[in-house]
S.K.: 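The structure that follows is given in the form of C-alpha cells.
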4 protein chains.
Amino acid sequence: MTNSGGVAAEQLRAFIERIERLEEEKKAISDDIKDVYAEAKGNGYNIKVMKLVVRMRKQDSNERQEIDTLLDLYLHTLGMAPSEEQAS
Amino acid sequence: MTNSGGVAAEQLRAFIERIERLEEEKKAISDDIKDVYAEAKGNGYNIKVMKLVVRMRKQDSNERQEIDTLLDLYLHTLGMAPSEEQAS
Amino acid sequence: MTNSGGVAAEQLRAFIERIERLEEEKKAISDDIKDVYAEAKGNGYNIKVMKLVVRMRKQDSNERQEIDTLLDLYLHTLGMAPSEEQAS
Amino acid sequence: MTNSGGVAAEQLRAFIERIERLEEEKKAISDDIKDVYAEAKGNGYNIKVMKLVVRMRKQDSNERQEIDTLLDLYLHTLGMAPSEEQAS
DNA sequence: CTGGCTAAACAGAACC
DNA sequence: GGTTCTGTTTAGCCAG
C-alpha cells in the first residue's frame, strides 16, 4: 500500500466509524420511541392513531393545504367530492 | 371537559410530546450523518459506495449464521448446496 | 441423494419455479402501473395526489369511519379539533 | 364544468381506472403466490425458508458484479479486501 | 444552480 | 407479537 493510500485508508476508516457510531445512536433513539408507544398502548391508547396525530402535527400546514386543494379538485372531477356522496 | 378527560388529555399530550422530542433528536443525528457523508465527499470519496460499505459491515456483523443451518437443508434438497456447485 | 430426497428435490424445485414465474408477472404489472403514472404525469397530473385518490377509492368506508371517529376523539382531547383551530 | 374540465375528467378517470385494473391483476397474482406457498406448506415445506431461498436466488441472479468493481477499491483502501482478511 | 429522476432508507401493512 | 414485505418518503445524482 502506498503512502497516500495509507493516509486515505485511515481517513476513510475514520469516516466510516463516525457514521457507524451515529447510526447506533440513531437506532437507540428509535428504540426509545418504540418504548414510548408501547407504554402508551399499556395505558389504553391506540398506537396507530397516535402516529396519525404525530404526523398531522408535524405536517406543514401550507403543504397540507396544497395537497388538499388538488385532492378536492381530483375528487370533484371524478364525482367523488363529499358533497356528491349519495346512496348508490 | 370532564375530569377523567382532563387527565387523559394531560397524559396523552405527555406521550405525544415525548415522542416528538425523541424524533427531533433522531432527525438531528440523521443530519449529522449527512454531514459526515458530505465531508467525505469533499475529500473525494463516493457516497454511494461508502453507504454500501457500511451496509456490508452491518450485514457481516450479525445473525446470518443461524439461518444458514436451516437453509442448508433446503439448498441441498434443491441441488444447490455449495459443495454441489459446478461449472455449468 | 436418496430416492425420497430426489422426489422432494423435484417437488420443491417445481414450487420455487412456479413462485419465481409468478413474481416475474407481478413485477411486470408493477412496471405497467409505474408507466401509467408516468404517462399521467406527462399529462400534467400530480402522481402523489393520484395515489391518494386510488387509496381512498380502495379504502373500505367502514374502516375509514372507525379511524375518523378515534382520530376526532384524540384531536379533541388535545384541543386540536378543527372547530377549535385558531390563530396562535 | 367547463369543456376543458370535461376532457380532463374523462382523461383522469381513464388513468385511475387503468391503474385500478392493473392493481387488481397484481393482487390476483399475489394471491396465486400465497396459494403456492400454502400448497408447499401442505406438502411439508417451511414457508419462511422457501421465501429465503427465493430471495437468495434473486440476489444471485443479477447485478452485484458491477458494484463489486468499485467496491473492491474501497474495501482495499479500508484494508478489508478479501485477500487481506486475517485473524484479528 | 435548480429541478426532475432514480435508487436507497424509512414507515406502515400484512402475514405467520 | 414478531417478522417480512409493500409503499412512501427522502437523498443523491444528472441534465438543462
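Quick note on labels: first sequence line is chain A, next is B, and so on, each numbered from 1. All figures in this text were calculated on a predicted structure; none of them were measured in a lab. Every heavy atom of this structure was used, including side-chain atoms; hydrogens, water molecules and symmetry mates were not.
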S.K.: For K34(B) and K41(A), take the nucleotide of DNA chain F holding the closest heavy atom to each; which residue's nucleotide lies nearer the 5' end?
M.R.: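 Nearest nucleotide further toward 5': that of K41(A).
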S.K.: Take the protein atom CG of D31(B) and the nucleotide atom C1' of dT10(F), then report the distance between them rounded to whole Å.
M.R.: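 The answer, rounded to whole Å, is 12 Å.
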S.K.: Pairs under 3.5 angstrom, nitrogen or oxygen only, protein versus nucleotides 7-9 of chain F, please.
M.R.:
from   : atom 1 : to     : atom 2 : distance (Å)
dG7(F) : OP2    : K26(D) : NZ     : 3.1

S.K.: Roughly how far, to the nearest 0.5 Å, is CG of L22(A) from CD of E20(A)?
M.R.: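 That separation rounds to 10.5 Å.
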S.K.: Roughly how far apart are T77(C) OG1 and R13(B) CZ, rounded to 0.5 Å?
M.R.: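 Here the rounded value is 10.0 Å.
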S.K.: Who passes side-chain contact (heavy atoms from CB on, under 4.5 Å) against D35(D), sequence neighbours left out?
M.R.: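 If we apply the side-chain contact (heavy atoms from CB on, under 4.5 Å) test to D35(D), skipping adjacent residues, the hits are D32(D).
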S.K.: Expressed as a whole number of angstroms, how long is the span from E39(B):CD to dG12(F):P?
M.R.: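 From E39(B) CD to dG12(F) P: 14 Å.
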S.K.: Separation of K27(C) atom NZ from dT6(F) atom C1', in whole Å?
M.R.: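 After rounding, the reported distance stands at 14 Å.
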S.K.: If you pin Y37(D) and L52(A) to their nearest nucleotides in DNA chain E, which one's is more 5'?
M.R.: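 Looking at DNA chain E, the more 5' nearest nucleotide goes with L52(A).
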S.K.: Could you work out how much the helix from dC1(E)-dG16(F) to dC16(E)-dG1(F) bends, comparing the axis of its first five pairs with that of its last five, to 10°?
M.R.: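 Terminal axis comparison yields 0°.
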S.K.: What residues, two or more places apart in sequence or in another chain, satisfy side-chain contact (heavy atoms from CB on, under 4.5 Å) together with R21(B)?
M.R.: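 Once residues adjacent in sequence are excluded, the partners of R21(B) under the side-chain contact (heavy atoms from CB on, under 4.5 Å) criterion are E24(B), E25(B).
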S.K.: What is the distance, to the nearest angstrom, from the CD1 atom on I47(B) to the C1' atom on dT6(E)?
M.R.: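 Rounded to whole Å, this separation is 15 Å.
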S.K.: Rounded to the nearest angstrom, tell me the gap between atom CE in M50(D) and atom P in dT4(F).
M.R.: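 Between P of dT4(F) and CE of M50(D): 17 Å.
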S.K.: Atom CD1 of I16(D) and atom CG of L78(A): how far apart are they, to the nearest 0.5 Å?
M.R.: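 Taking CD1 in I16(D) and CG in L78(A), the distance rounds to 5.5 Å.
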S.K.: Does any pair with a residue in residues 37-50 of chain A pass side chain to side chain donor-acceptor pair (under 3.5 Å), and if so which ones, sequence neighbours excluded?
M.R.: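 As it turns out, the side chain to side chain donor-acceptor pair (under 3.5 Å) pairs with a partner in residues 37-50 of chain A, which skip direct neighbours, are E39(A)-R18(B), N43(A)-Q11(B), Y45(A)-Q11(B).
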S.K.: CZ/R57(B) to CG/L52(B) distance, rounded to the nearest 0.5 angstrom?
M.R.: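 Reported value, rounded in 0.5 Å steps: 12.5 Å.
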S.K.: For E23(C), what residues pass the side-chain contact (heavy atoms from CB on, under 4.5 Å) criterion, not counting sequence neighbours?
M.R.: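 With sequence neighbours excluded, E23(C) shows a side-chain contact (heavy atoms from CB on, under 4.5 Å) to I19(C), I33(D), V54(D), K58(D), given in chain and number order.
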